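These numbers come from a predicted model, not from an experiment.
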Amino acid sequence: MTTNDLPVIAAVDGSTHSRQALDWAAQEAVRRGLPLLIVHVMPLTRNVDEETRQREADELLAEAVRRSELLAPALRPSTLAPLDFPAAALVSLGRDASMVVVGSRGLGGFRSLLIGSNSLATASMASCPVVVVQDGGPDEDDREGDAGPFSDIVAGVAADESSEAVLEFAFATAATRPGARLRIVHGWTMFSSMLAGGPVFDRETAAGSAARGLAEVTSGWQERYPQVEVVREPVNGSASRTLVTASATAALTVIGRRRGGEPLGLGLSPVAQTTVTHALGPVAVVPC
């Protein structure tokens with residue numbers, strides 16, 4: 001199996017959030033021409049005997065297969081039910097996947113939490129992109145009309161080479177959606193300009209420098225994906241606030257995370273953490 005054939009993994013646990021993740025994953029697998037692998041991680045618990053646990057997993061996966069085939073009849077999904085901790089199993093399976101798709105919360109999550117611990121841990125540690133499908137947004141069909149307001153792909157980038165993986169995933173995603181624009185957002189401040197060795201006191205000059213830096217980082221991608229309309233948005237201020245606002249009318253918001261983790265042991269940067277936690281639509285976290 002080549003990297004172009006690696007499956008889209010949909011994690012299901014019977015919750016509404018995981019059904020939404022399954023729907024998103026099935027549609028994305030069809031767009032990209034990839035196989036769909038539906039995974040239910042059987043919990044490590046002594047409260048349920050092995051036979052009951054396996055029977056419940058089989059029933060849940062059978063229902064998920066029926067749902068995905070109704071949504072995308074051309075798909076022939078496969079299934080897997082490992083016995084493990086959910087995040088550990090998904091991170092391990094992600095080594096041989098094009099992406100892992102999870103709901104924002106599972107059955108065990110507190111209703112007050114904006115994102116569940118398993119979803120956040122998977123997004124923080126997986127070696128492939130992880131898409132967190134948020135609850136409560138418009139239906140997928142409403143979000144993706146060619147001329148509708150929910151067809152844009154939004155990508156948050158830094159003005160350096162660390163954004164290559166984010167741009168690659170964002171462009172490839174936009175290319176599968178006819179009529180979709182790719183909005184590339186880069187947040188800057190006078191302080192970040194100073195740290196980058198740019199203008200310190202002249203805001204207009206700093207804005208020009210940020211725009212040039214964004215153009216340099218994204219140069220060449222337009223030639224590789226000529227069918228994708230690109231809008232570059234250097235934003236003076238909070239990148240996370242801009243991305244969260246943009247996510248309300250985006251088919252997908254794409255952000256990056258460092259493969260080695262963040263300083264102080266954090267799995268995600270503050271911008272990524274805020275975006276994943278508060279976004280109003282699906283968010284892809286791409287290891288860079």
side-chain contact (heavy atoms from CB on, under 4.5 Å) between V131 and V283, intermediate numbers included: CA-CA 5 Å; V131 178; V283 177; over 6 Å; no

Donor-acceptor contact below 3.5 Å, side chain D49 vs main chain E51: yes

Distance, nearest 0.5 Å, that separates OG of S124 from CZ of R257: 7.0 Å

Closest approach of Q134 to G281 (non-hydrogen atoms, all atoms of both residues): CG-O, 3.1 Å

side-chain contact (heavy atoms from CB on, under 4.5 Å) evaluation trace for V101 with I9: CA-CA 6 Å; V101 184; I9 291 179; over 6 Å; no

Any L93 side-chain heavy atom under 4.5 Å of V100 side chain: no

Q20 side chain reached by T16 side chain, heavy atoms, under 4.5 Å: yes

Minimum-distance pair of heavy atoms, taken over all atoms of L36 and A29: CB-CB, 4.3 Å

Donor-acceptor under 3.5 Å (T277 side chain, T274 main chain): no

Electrostatic pair E28:R31 at N-O distance under 4.0 angstrom: yes

Any V12 side-chain heavy atom under 4.5 Å of R19 side chain: no

Where G94 and S127 come nearest, the two heavy atoms and their spacing: O-OG, 3.8 Å

Least distance between heavy atoms, A250 atom then V154 atom: CB-CG2, 3.8 Å

Note, I184 side chain near V230 side chain (heavy atom, < 4.5 Å): yes

Aromatic F169 / basic R32 pairing, under 6.0 angstrom, 45° off normal: yes

Exam field: side chain S15 to backbone S18, donor-acceptor pair closer than 3.5 Å: yes

Heavy-atom donor-acceptor pair, H40 side chain to A57 backbone, under 3.5 Å: no

Whether T275 side chain and V244 backbone form a donor-acceptor pair below 3.5 Å: no

Side-chain donor/acceptor of R183 to backbone N/O of E233, under 3.5 Å: no

Reported CG-to-OG1 distance for the pair L182 and T218, which is rounded to 0.5 angstrom: 9.0 Å

Hphob cluster co-occupancy, L44 + M42, side-chain heavy atoms under 4.5 angstrom: yes

Intermediate values then yes/no, side-chain contact (heavy atoms from CB on, under 4.5 Å), L214 and V157: CA-CA 8 Å; L214 182 57; V157 301; 3.6 Å; yes

Which atom of L280 lies closest to which atom of S247, heavy atoms considered: N-OG, 2.9 Å

Interatomic distance, R66 atom CZ to L71 atom CG [nearest 0.5 angstrom]: 15.0 Å

Residue pair R67, L22: steps toward the side-chain contact (heavy atoms from CB on, under 4.5 Å) verdict: CA-CA 8 Å; R67 182 182 180 94; L22 173 63; 3.9 Å; yes

Donor on one side chain, acceptor on other, R258 and S269, under 3.5 Å: no

Rounded distance (nearest 0.5 Å) linking atom CD1 of I153 with atom CZ of F171: 11.5 Å

Rounded distance [0.5 Å steps], CG in L61 versus CG in L80: 8.5 Å

P77 side chain near S68 side chain, heavy-atom distance below 4.5 Å: yes

Side chain R181, main chain V228, donor-acceptor under 3.5 Å: no

Beyond-backbone contact of I255 with V286, side-chain heavy atoms, under 4.5 angstrom: no

Between CG on residue L6 and SG on residue C128, distance to nearest 0.5 Å: 9.0 Å

Donor-acceptor under 3.5 Å (S98 side chain, P7 main chain): yes

Minimum heavy-atom distance A89-P82, with the two atoms named: CB-CG, 4.2 Å

Remaining members of the apolar cluster that contains M125, side-chain heavy atoms under 4.5 Å: V91

Pairwise side-chain contact, T79 with V65, heavy-atom cut-off 4.5 Å (strictly under): yes

Any V39 side-chain heavy atom under 4.5 Å of L90 side chain: yes

D23 side chain to Q27 side chain, donor-acceptor N/O pair below 3.5 angstrom: no

Same cluster (ILVMFWY, side-chain, under 4.5 Å), L83 and F85: yes

